[in-house]
2 protein chains.
Amino acid sequence: MGTRGLTKEKIVAEAVAYIELTEQPIISLHELARRLDVKPPSLYNHIQNTKELQYAVFQYAIDHLVAHQRNAVAQLKGDEAVRAFSRSYLAFATAHKGLYRLIMTMPSEQDEQAKEMALPLLDLVIELLSSYGLRTDDIAHWQRVLRAILHGFLSQEDLGYFYYYNSIDLEKSRELAVQCFLDGLHTFLNQMCKA
Amino acid sequence: MGTRGLTKEKIVAEAVAYIELTEQPIISLHELARRLDVKPPSLYNHIQNTKELQYAVFQYAIDHLVAHQRNAVAQLKGDEAVRAFSRSYLAFATAHKGLYRLIMTMPSEQDEQAKEMALPLLDLVIELLSSYGLRTDDIAHWQRVLRAILHGFLSQEDLGYFYYYNSIDLEKSRELAVQCFLDGLHTFLNQMCKA
DNA sequence: ATTACGAAACTAATGGTGTTAGTTTGTCAA
DNA sequence: TTGACAAACTAACACCATTAGTTTCGTAAT
């Protein structure tokens with residue numbers, strides 16, 4: 001009894017490992033304790049509650065996603081950057097289903113802390129779109145649109161809404177979606193120039 | 001004891017009422033039993049398990065969403081129809097947050113039954129896009145794109161990802177997203193004509 | 001080296017969830 | 001009137017999160 005080398009870091013690491021393995025965004029404290037060879041209440045010496053654990057894993061997920069994305073768009077600009085971002089965004093979600101599912105379900109309108117954690121992801125897209133010469137609030141609008149398309153696509157895919165008609169090439173749909181965004185953006189830019 | 005007038009219909013109706021009230025997509029059998037003034041096991045005389053109840057509520061939600069949408073696009077075609085569909089889709093999700101959250105979380109890649117229930121929603125969009133003269137599989141592609149945009153937008157909104165930069169007008173973002181879809185589609189159609 | 005203290009583990013318990021088995025009750029038809 | 005069946009019940013189990021109170025062990029001070 002007494003002291004084992006348990007730390008918050010180890011707990012979070014095990015939770016992440018489990019989530020990556022099962023592709024489910026959650027792990028119960030009981031299961032986690034089992035895997036760490038400890039009784040459930042012992043975890044409370046290192047974390048406050050389930051919510052805090054969720055936050056920690058969420059932070060991990062966001063950090064990795066953003067790092068992944070920054071790496072993908074490094075030194076790219078304009079359409080190239082948007083395409084690279086989109087490809088790698090979809091790739092991350094596929095490779096880390098559990099983590100992306102968490103990102104996809106974690107924050108809530110009410111939860112200020114989670115929303116703040118997610119900010120870097122928004123900022124990245126803002127940067128990405130800043131080379132198009134848009135007005136500040138139009139950048140914010142188009143950032144919403146791009147993220148809506150990518151996230152919506154992944155979400156539908158994950159929920160199985162693409163199952164039917166699934167003889168239809170998924171990869172092509174993805175490219176079409178990104179192209180749609182770019183065409184929409186270009187149309188907007190052209191009309192802006194005229195006016 | 002003995003027989004009270006409990007039926008599956010009443011159970012589902014109460015579940016729906018609760019979901020509409022709380023805006024949460026789930027209700028526990030205990031809570032449901034409490035509200036029906038019955039002990040939890042009694043519910044099992046009318047439903048098999050939680051899953052079946054979920055299915056029933058999901059069916060209700062899909063039915064209402066589709067009816068709502070069909071009503072909105074009746075006798076419209078082309079861009080008009082897409083715009084009307086989008087407006088009313090977003091309106092439904094706002095007015096019935098709990099039900100839409102269920103639609104947004106219920107199906108799963110693995111769950112054939114739920115996916116089949118959701119089909120009418122896909123078919124509706126397919127119909128909507130059939131007046132553009134697209135090839136059959138392009139209709140399926142663009143159906144995915146439209147649904148991805150709308151669902152992605154709602155999901156982000158619901159998750160609070162639009163909170164920051166939220167001085168930015170939400171309504172304008174929505175219109176921009178739909179316009180982006182239409183511009184993307186038109187660009188695609190123009191290029192199809194040329195070739 | 002001993003002691004004392006605090007952190008980290010534990011046991012025990014509460015209350016929530018879904019679900020099953022076995023029992024009672026009430027109604028309707030024979 | 002009685003018997004059978006459906007619909008309610010009680011009791012119980014397994015899983016979960018969490019809290020209170022207890023033991024243990026390592027470390028730091030005497």
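Within every chain, numbering begins at 1; the chains are lettered A, B, ... in the order of the sequence lines, protein sequences first and strands thereafter.
- When the ring pair (Phe, Tyr, Trp, His ring centres under 6.0 Å) test is applied to B:Phe92, the partners found at least two apart in sequence or on another chain are B:His68, B:His96.
- A sub-4.0 Å separation between OP1 or OP2 of D:dC9 and a side-chain N or O of B:Ser42 is present.
- Atom-to-atom, CG of A:Leu6 to C1' of D:dT24 comes out at 16 Å; the value is rounded to the nearest Å.
- Across residues 8-18 of chain A, not one residue has a non-hydrogen atom less than 4.0 Å from an atom of DNA chain D.
- Taking every side-chain heavy atom of A:His46 into account, C:dA9 is the closest of C:dA9, D:dA8, D:dC9.
- The side chain of A:Thr3 contributes no N or O atom lying less than 4.0 Å from OP1 or OP2 of D:dC25.
- Rounded to whole Å, the distance from CG on B:Leu43 to C1' on C:dT17 is 13 Å.
- Rounded to an integer number of Å, the gap from OH of B:Tyr44 to C1' of D:dA12 is 14 Å.
- The stretch residues 137-156 of chain B participates, sequence neighbours left out, in these ring pair (Phe, Tyr, Trp, His ring centres under 6.0 Å) pairs: B:Trp142-B:Phe181, B:Trp142-B:Phe188, B:Phe153-B:Phe162.
- Closest to the B:Thr50 side chain, of the nucleotides D:dA17, D:dA8, C:dT19, is C:dT19.
- Atom CD in B:Gln156 sits 11.0 Å away from atom CD1 in A:Ile149 (nearest 0.5 Å).
- Listed by chain and number, the residues in a side chain to side chain donor-acceptor pair (under 3.5 Å) with A:Asp111 are A:Tyr55 (sequence neighbours excluded).
- Within the 3.5 Å criterion, the main-chain N or O of B:Asp37 finds a donor-acceptor partner in the side chain of B:Arg4.
- Screening A:Asp63, A:Ile126, A:Val66 for a side-chain contact (heavy atoms from CB on, under 4.5 Å) involving A:Leu121 leaves a single residue, A:Val66.
- Within residues 21-40 of chain B, the residues approached by DNA chain D to less than 4.0 Å at the level of any non-hydrogen atom are B:Val38, B:Lys39, in residue-number order.
- Between the B:Lys97 side chain and the B:Glu20 main chain, no donor and acceptor come within less than 3.5 Å of each other.
- Taking 3.5 Å as the limit, the base of C:dA9 and the side chain of A:Asn45 contain a donor-acceptor pair of atoms between them.
- With C:dA9, C:dT19, D:dA17 as the choices, the nucleotide that has an atom nearest any side-chain atom of A:Arg4 turns out to be C:dA9.
- When atom types are taken as modelled, the side chain of A:Glu52 and the backbone of A:Gln48 share a donor-acceptor pair closer than 3.5 angstrom.
- Screening residues 182-192 of chain A for side-chain hydrogen bond (donor to acceptor under 3.5 Å, both in side chains), with sequence neighbours left out, gives A:Asp79-A:His186, A:Gln179-A:Asp183.
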